[in-house]
**Student:** 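This structure is in structure tokens; I'll ask about it shortly.
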Amino acid sequence: MKKEGDQAELPRTSSQIELKSVYGASPLPGEFPFTRGPYRTMYRQKLWTMRQYSGFGSAKETNGRFHYLLKNGQTGISCAFDLPTQMGFDSDAKMASGEVGRVGVAISHAEDMQLLLHKLPLNEISTSMTINSTAAILLCLYIHVAKSRKIAPTELRGTIQNDILKEYVARGTYIYPPAFSLKLVADTFRFSNAIAPKWNPISISGYHIREAGSTAAQEIAFTLGNAFAYVEAAKTAGLKIEDFVPRLSFFFNVHNNLFEEVAKFRVARKIYAEEMRRRFDAPPAILALRFHAQTAGSTLTAQQPINNSIRVAYQALAAVLGGAQSLHTNSYDEALALPTEESALLALRTQQILAEETGIRFVADPLAGSDYLENLCEELEMKTRAILGRVDAMGGMLKAIESGYVQKEIQHAAFEAQKSIDDGDQKVVGVNCYEMNENPPKNLHRLNPKVVKDQLSRLKKFKAKRKSKPVESSLQGLEKSVKQLSEAGSSDVCEKILLALEARATLGEISDVMRTVAGVHRG
């Protein structure tokens, strides 16, 4: 598309009405406090990244799905890992039994990562990895593979989720005590800034908070509360605001109430920018909140699953109207199984139709000025700030989590939401209204039992081929750095993890060293 300003080249409607990139008064998109969006022209200049979440079974299978989606127009990859990988266990660990490759891809060592990323242009695409407790290890594995291909870490673009605080309240895949985990997150900020400056070292996630049952206001408040805790931890570790704040990214849910969801994204940007300036004296130029959005898994139904495609389309519309930088659309069969190729492709096509056929990309923040939307924003901001005030009164998110306040608030909201459905006050098509008898869907994705056998065989061969002394030496060096991080709050843990991986240590061995030194959190 040619430069805006050349009036002859402005986009037009079917009735030949020329469209400006933005309507309304100041502040405009791209201006503090970024209520209307982080960039001046939004999608007219650059479409959101279409990033379908994939990961199952073996690294080879998942790599095949990545290539399939990229071939069909996906513009970034997003990887799901199995529970053993998320919890720091190799596939042959006793704790991994029955879970290898089940809800994501199994990654135990560098050769697994090589297979996962086989023939992917790592210096051309951006990669998102949904990983938290072992985020530092997966980031180092990614860098290790890139270096083996002569791709400099400075060329890499992507995100590790690395949002450990929400694990204590919403998902449960934590390993270490919260205080140590915060120090480890800060170390990844330091490391990525020095080694891979284009990489986002965290995706502060409201998604799982909402999936656990929170309201929209709670999703904003607890997500931003976590963000402020990470900034404080990074400052305590000696990092400067300008060295890491520009690379902070966020991850929000997109639920069913279309206008409330649009308001949610606008309010999140506004509160973040204003509070970061107030709390940390951060300059406005670096305070544009950028976020990835994913349609709500909790709204998918096993009943009449094809209806989920319609829910996903409306949720995707809300994300784009709200200014998402990146979007994943769920597949209609995900309430029953991992997506098939067919359902994943339909989910991708949902985004592509939205981008290419609706005209939504040509005007930034098109709903701004609506009395209804602006009122929703005001009310939602008031509720969100009230929750943040209670968190601050407790001493911040770490204290609020340790006291159980956050968990109780989410649980109460989840109970009320489910009660509303059970009582029939909140209608869910196919569940409590417009029900029908139906046969179970056919051709669902199933995990190939051979995957686990092959994974364990390859892990055994990997360990047999390596030399033990370099592994032991690298793990000893890591142990010293972890002790220093635990005691002093700053260290070079990530560099030591990278060295251990290069010496052919496994994810489980590295995690075991850290477990031994830092301890294990018992929630």
**Student:** Using side-chain heavy atoms (C-beta onward) and a distance below 4.5 Å, is E495 in contact with R190?
**Tutor:** yes
**Student:** Should the heavy atoms of other residues, nucleotides or ligands under 6.0 Å from CD of E242 be counted, would the total exceed 12?
**Tutor:**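 Yes, enclosed.
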**Student:** Assess the residue pair T130 and Q86 against the criterion (side chain to side chain donor-acceptor pair (under 3.5 Å)); give the C-alpha distance rounded to whole Å, side-chain angles, the decisive distance to 0.1 Å, and a yes or no.
**Tutor:** CA-CA 9 Å; T130 303; Q86 293 182 53; over 6 Å; no
**Student:** Take the angle between the ring planes of Y174 and H521 and call it parallel below 30°, perpendicular above 60°, tilted in between.
**Tutor:** perpendicular
**Student:** Using the rule given for side chain to side chain donor-acceptor pair (under 3.5 Å), can you reason through Q455 versus K450, listing the C-alpha separation, both sets of side-chain angles and the distance that settles it, and then say yes or no?
**Tutor:** CA-CA 9 Å; Q455 176 70 9; K450 188 172 178 287; over 6 Å; no
**Student:** Are side-chain heavy atoms of T295 and R311 found at a separation under 4.5 Å?
**Tutor:**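 In short, these two side chains do not touch, never coming nearer than 4.5 Å.
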**Student:** Do the side chain of K147 and the main chain of A152 share a donor and acceptor less than 3.5 angstrom apart?
**Tutor:**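 Side chain of K147 to backbone of A152: no pair is present.
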**Student:** Report yes or no: does Q303 contribute a side-chain atom to a donor-acceptor pair with the main-chain N or O of V431 at less than 3.5 Å?
**Tutor:** no
**Student:** For S54 and R65, work out which heavy atoms get closest and say how close.
**Tutor:**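 The answer is OG-CG, 3.7 Å.
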**Student:** Please find the pair of heavy atoms, one from A347 and one from N330, that lie closest to each other, and give the distance.
**Tutor:** CB-O, 3.6 Å
**Student:** Could you check whether any side-chain heavy atom of E219 comes within less than 4.5 Å of a side-chain heavy atom of N253, counting everything from C-beta outward?
**Tutor:** yes
**Student:** Just so I know, are the side chains of N132 and D163 near enough to count as touching, which here means a heavy-atom distance under 4.5 Å?
**Tutor:**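 In short, these two side chains touch, coming nearer than 4.5 Å.
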**Student:** Go through E261 and R210 one step at a time and tell me if the salt bridge (charged side-chain N to carboxylate O under 4.0 Å, His left out) criterion holds.
**Tutor:** CA-CA 12 Å; E261 293 303 289; R210 192 63 179 277; 3.2 Å; yes
**Student:** Under 3.5 Å, is there a donor on one side chain and an acceptor on the other for Q52 and T329?
**Tutor:**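 Side chains of Q52 and T329: pair found under 3.5 Å.
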**Student:** For the pair D454 and R458, find out whether any cationic side-chain nitrogen is under 4.0 Å from an anionic carboxylate oxygen.
**Tutor:** no
**Student:** Using a strict 4.0 Å threshold on nitrogen-to-oxygen distance, state whether R157 and E124 make a salt bridge.
**Tutor:** no
**Student:** Looking only at heavy atoms, what is the nearest atom pair of F56 and T62, with distance?
**Tutor:**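 For F56 and T62, the tightest heavy-atom pair comes out as O-OG1, 2.8 Å.
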**Student:** When you measure from the side chain of E334 to the backbone of S331, do you find a donor-acceptor pair of N or O atoms at a distance under 3.5 Å?
**Tutor:**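 The answer is yes, because a donor-acceptor pair under 3.5 Å joins these two groups.
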**Student:** Just how far is it from atom CG of L248 to atom OH of Y230, taken to the nearest 0.5 Å?
**Tutor:**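 Going from CG on L248 over to OH on Y230, the span is 11.0 Å.
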**Student:** Any ion pair linking E111 and R504 (charged N to carboxylate O, less than 4.0 Å)?
**Tutor:** yes
**Student:** Does any non-hydrogen side-chain atom of R247 lie less than 4.5 Å from one of S192?
**Tutor:**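 S192 vs R247: side chains apart.
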**Student:** Could you check whether any side-chain heavy atom of F222 comes within less than 4.5 Å of a side-chain heavy atom of I410, counting everything from C-beta outward?
**Tutor:**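 Yes, their side chains come closer than 4.5 Å.
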**Student:** Does the gap between the ring centers of F291 and F265 come in under 6.0 Å?
**Tutor:**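 Yes, they do, as the ring centres are separated by less than 6.0 Å.
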**Student:** Stepwise, does the side chain to side chain donor-acceptor pair (under 3.5 Å) test hold for S133 with Y176?
**Tutor:** CA-CA 8 Å; S133 292; Y176 319 111; over 6 Å; no
**Student:** Kindly assign one of parallel, tilted or perpendicular to the pair H328 and Y53, based on the angle between their ring planes and the thresholds 30° and 60°.
**Tutor:**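 H328 vs Y53 ring planes: perpendicular.
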**Student:** Look at the aromatic rings of F244 and F189 and report parallel, tilted or perpendicular, splitting at 30° and 60°.
**Tutor:**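 Aromatic pair F244/F189 classed parallel.
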**Student:** Would you verify whether the NZ or CZ of R522 falls within 45 degrees of the ring axis of Y168 while also being under 6.0 Å from that six-membered ring's centre?
**Tutor:**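 Cation-pi check for R522 and Y168: fails.
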**Student:** Search all heavy atoms of L338 against all heavy atoms of D333 and return the closest pair with its distance.
**Tutor:** O-OD2, 4.2 Å
**Student:** Can you tell me how far apart CD1 (I175) and OG (S181) are? Round to the nearest 0.5 Å.
**Tutor:**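 Answer rounded to 0.5 Å: 8.0 Å.
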**Student:** Looking at I131, is its backbone amide N or carbonyl O close enough to the side chain of Q161 to form a donor-acceptor pair, meaning the two atoms are under 3.5 Å apart?
**Tutor:**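 No.
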**Student:** Taking all atoms of both residues into account, what is the closest heavy-atom pair of S78 and R51, and its distance?
**Tutor:**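 Looking at all heavy atoms of both residues, the shortest contact is CB-CG, 3.4 Å.
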**Student:** So, do Y68 and L345 sit near enough that their side-chain heavy atoms are less than 4.5 Å apart?
**Tutor:**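 Result yes, sub-4.5 Å side-chain heavy-atom pair found.
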**Student:** Which pair of heavy atoms, one from Q325 and one from L289, lies closest together, and at what distance?
**Tutor:**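 Result for this residue pair: OE1-O, 4.1 Å.
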**Student:** Atom CZ of R149 and atom NZ of K119: how far apart are they, to the nearest 0.5 Å?
**Tutor:** 10.5 Å
**Student:** With a 4.5 Å cut-off on side-chain heavy atoms, are I360 and L317 touching?
**Tutor:** yes
**Student:** Between F252 and F250, what is the ring plane arrangement, given parallel below 30°, perpendicular above 60°, and tilted in between?
**Tutor:**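 Answer is parallel, since the angle falls under 30°.
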**Student:** Could you check whether any side-chain N or O of N226 sits under 3.5 Å from a backbone N or O of L165, counting only pairs where one atom can act as donor and the other as acceptor?
**Tutor:** no
